[in-house]
Amino acid sequence: MRAQRFGATALRQASGMLQTNTERTASQIVRARLSPHRVASLSSSSIRSLHSQPAKRNGVASNPQGEASNPAMAFPCLDALETRSATLEARSLSTGPEPAYTTGATEVFRCTKPLLLDWGGVLPEFDVAYETWGKMNADKSNVIILHTGLSASSHAHSTESNPQPGWWEKFIGPGGCLDTDKYFVICTNVLGGCFGSTGPSSIDPADGQRYATRFPILTLEDMVRAQFRLLDGLEVKKLYASVGSSMGGMQSLAAGALIAMRHTQRQVLMMDPNWNRGFYYGKVPPHAGMKLAREIATVTYRSGPEWEQRFGRRRADSSKPPALCPDFLIETYLDHAGEKFCLTYDPNSLLYVSKAMDLFDLGRETQSAAAVRRAERAQQIESGASPAQPEASCSLTLPDSPYLEQPDAKIVDTTTMPIEVASRPPDDLIAGLAPLRDIPTLVMGVASDILFPAWQQREVADSLRIGGNMKVSHVELSEEQSMFGHDTFLLDLKNVGGSVRNFLG
Ligand SMILES: CC(=O)SCCNC(=O)CCNC(=O)[C@H](O)C(C)(C)COP(=O)(O)OP(=O)(O)OC[C@H]1O[C@@H](n2cnc3c(N)ncnc32)[C@H](O)[C@@H]1OP(=O)(O)O
């Protein structure tokens, strides 16, 4: 299964710049609480009713007072969730809606020209929140667009109006890896996000209500198209470079198993009753589902070797008896990661953006099919005919008999082929990446990354080269160089930042 195609990448055009024509995809709850005593007496009374003569069972004398054999456990982790639900409910009843998902002041570009999305949806108008660093030169030839990971805002670096450190604080600045003495760096909050750009928590101008899950399915190309509208608005015709890691790289192949990891995060979130099919605005948001989703995600962001070294099998407090709530240091770490995140990002944005990542495929077939759908929809709208709406709900219903494995018919048995033929990337990917033939490209992979594995970055570099790109730089960081897994792009200033700086020149 192919979904993402790039991990950490930076694209630069040698003599010219990347075209930014908008029509061109750049390549790219308060519940009554049961006290422990109440739980104990409930279970012991049920035992009594089953054994009306409770003198001795299995050689163990039963307690005439009806006490359980062992005390009930305490669940501070569940108490904390219930307390948060109660606080949120009280707040939503008094002061209004869910947490404000904002990371501070940004510029906002408003586009009033409708945006047709790859899967048939339409946004009649939309906002793109963005921040910039450095100065645009007179001929607007020094512009670098920086793409974010899934849950990041446009705040990659501190600004005068928002002095909080950004997510790439150390990588951007005068003389830095993205050198603001030379370049004008723009970072946007993605379409579908919740930090100022239009997303599920935004108001649908058609009826004045929040989109919630009436927000259309998105693709990464839709996000890029929205960014290009911003560039049009700034009259930037060409980019000096496009830089991004992780989802921002939009350039990684996802193995089926990793799509499954994002699926699990979405399902955990959607199973939280507070999610309410997406219509939770003004009510208690699905914070428990968000917390669990982030814990699953965190497992994919780092690496086993790093956690072995940092936490091993050590418990948070070995003087206390083991508990079912977070107990091992790795458990308290994951719990903390979920806790920190659960109210800072809009749950619906997580669903849409995560799905867009799974849908991402730079293979030619997928790109062509999207182009055909978009052209048909544009034609419908232009002709004034009432456009056929994309299916309002998921058309995929559970079949009478279970889905069966459907091996990819295009996958051929490579066991008898010479290695160089067997390891050749799929032709569809080579063709899909061919438009980057003349664009110098840096592809970076990290051996400890289980989310966007290093072999996929090798495949991208190989595809580019086979497609005729003579200026492909491929850097792979070994486990000795980085144990930070996927988050290497956030943490490794020397290797990641250094490679980007060298590449940009
Ligand atoms: C898929 C995509 O497209 S992009 C995905 C990109 N990745 C992310 O979004 C990951 C987000 N992670 C972050 O933002 C991290 O904070 C990073 C990567 C910036 C920094 O990582 P690090 O410096 O290694 O911090 P680390 O992950 O250890 O977390 C430190 C926090 O954990 C806490 N902590 C550390 N160990 C434990 C433990 N055993 N138990 C409980 N808490 C712990 C620390 O006290 C600290 O708390 P604080 O953040 O409230 O101050």
Side-chain angles (χ1 to χ4, degrees), residues 3-9 76-77 80 103 146-153 155-157 164-171 187 189-190 192-193 195 220 223 244-254 258-259 261-266 290-291 293-303 305-318 323 325-345 349-360 446 448-453 456 482-493 496-497:
Q4 305 154 343
R5 267 159 173 180
F6 295 82
T9 58
C77 51
T103 56
L146 173 63
H147 302 280
T148 71
L150 190 163
S151 53
S153 70
H155 198 56
H157 190 273
Q164 293 293 323
W167 55 268
W168 243 26
E169 186 72 20
K170 293 183 183 152
F171 291 68
C187 182
N189 176 221
V190 295
F195 298 128
L220 290 175
M223 296 171 187
S245 306
S246 181
M247 182 188 90
M250 300 190 298
Q251 302 177 5
S252 282
L253 277 172
L258 291 167
I259 284 192
M261 289 300 271
R262 274 194 290 270
H263 163 79
T264 321
Q265 292 167 49
R266 292 194 294 268
M290 279 295 274
K291 178 174 173 178
R294 186 62 163 191
E295 293 188 36
I296 298 170
T298 303
V299 172
T300 68
Y301 292 165
R302 307 297 276 251
S303 81
E306 181 197 359
W307 287 343
E308 181 63 39
Q309 196 177 84
R310 288 176 70 179
F311 310 122
R313 289 177 41 81
R314 291 186 294 284
R315 294 178 49 223
D317 186 347
S318 55
C325 275
D327 182 15
F328 284 103
L329 276 177
I330 182 63
E331 293 179 313
T332 58
Y333 174 79
L334 292 175
D335 184 81
H336 182 79
E339 196 68 19
K340 245 172 77 172
F341 182 71
C342 67
L343 294 178
T344 62
Y345 195 70
S349 286
L350 182 71
L351 295 173
Y352 280 93
V353 177
S354 156
K355 188 76 184 187
M357 288 176 72
D358 285 354
L359 289 168
F360 187 61
V446 181
S448 58
D449 186 346
I450 58 166
L451 191 58
F452 288 18
Q456 292 178 347
S482 172
M483 284 191 304
F484 295 132
H486 188 68
D487 276 351
T488 298
F489 83 89
L490 291 170
L491 293 164
D492 194 337
L493 184 63
V496 175

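Everything numeric here is computed off the predicted structure, so don't read it as measured data. Both ligands and their constituent atoms are indexed starting at 1 by order of listing.
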**Pairing residues for D492 by the salt bridge (Lys or Arg N to Asp or Glu O under 4.0 Å) criterion, not counting sequence neighbours** = none
**Message:** Which residues pass the salt bridge (Lys or Arg N to Asp or Glu O under 4.0 Å) test with E306, not counting sequence neighbours?
**Reply:** R302, R310
**Message:** With a sphere of 6.0 Å drawn around CZ of R313, does it hold more than 12 non-hydrogen atoms of other residues, nucleotides or ligands?
**Reply:** no
**Complete:** Of W167, F311, Y333, the residue with the heavy atom nearest atom 27 (O) of ligand 1 is Y333
**Complete:** The option among R302, M357, K340, H336 carrying the non-hydrogen atom nearest to atom 32 (O) of ligand 1 is H336
Please check whether [X] reaches ligand 1 - meaning an N/O of the residue sits under 3.5 Å from an N/O of the ligand, judged on distance alone.
X    : value
L329 : yes
Y301 : no
G149 : no
D487 : yes

**Request:** Give the ring-plane orientation class for F311 versus Y333, where under 30° counts as parallel, over 60° as perpendicular and anything between as tilted.
**Result:** tilted
**Asked** So, the side chain of D335 versus the backbone of E331: is there a donor-acceptor pair under 3.5 Å, distance only?
**Response** no
**Donor-acceptor under 3.5 Å (T332 side chain, P326 main chain)** = no
**Message:** Looking at ligand 1, is there an atom of it that comes within less than 4.0 Å of some heavy atom belonging to R310?
**Reply:** yes
**Message:** When you measure from the heavy atoms of E339 to every atom of ligand 1, does any distance fall below 4.0 Å?
**Reply:** no
**Asked** Can you list the atoms of ligand 1 that are under 4.0 Å from a heavy atom of L150?
**Response** 2 (C), 3 (O), 4 (S)
**Atom indices of ligand 1 within 4.0 angstrom of L491 heavy atoms, with elements** = 20 (C), 21 (O), 23 (O)
**Message:** Heavy-atom pairs closer than 4.0 Å: do any link ligand 1 to the side chain of R314, the backbone, both, or neither?
**Reply:** neither
**Fill in**
So NE2 of H155 and CD of Q164: to nearest 0.5 Å the spacing works out to 6.5 Å
**Asked** So, Y345 versus F195, ring centres under 6.0 angstrom or not?
**Response** yes
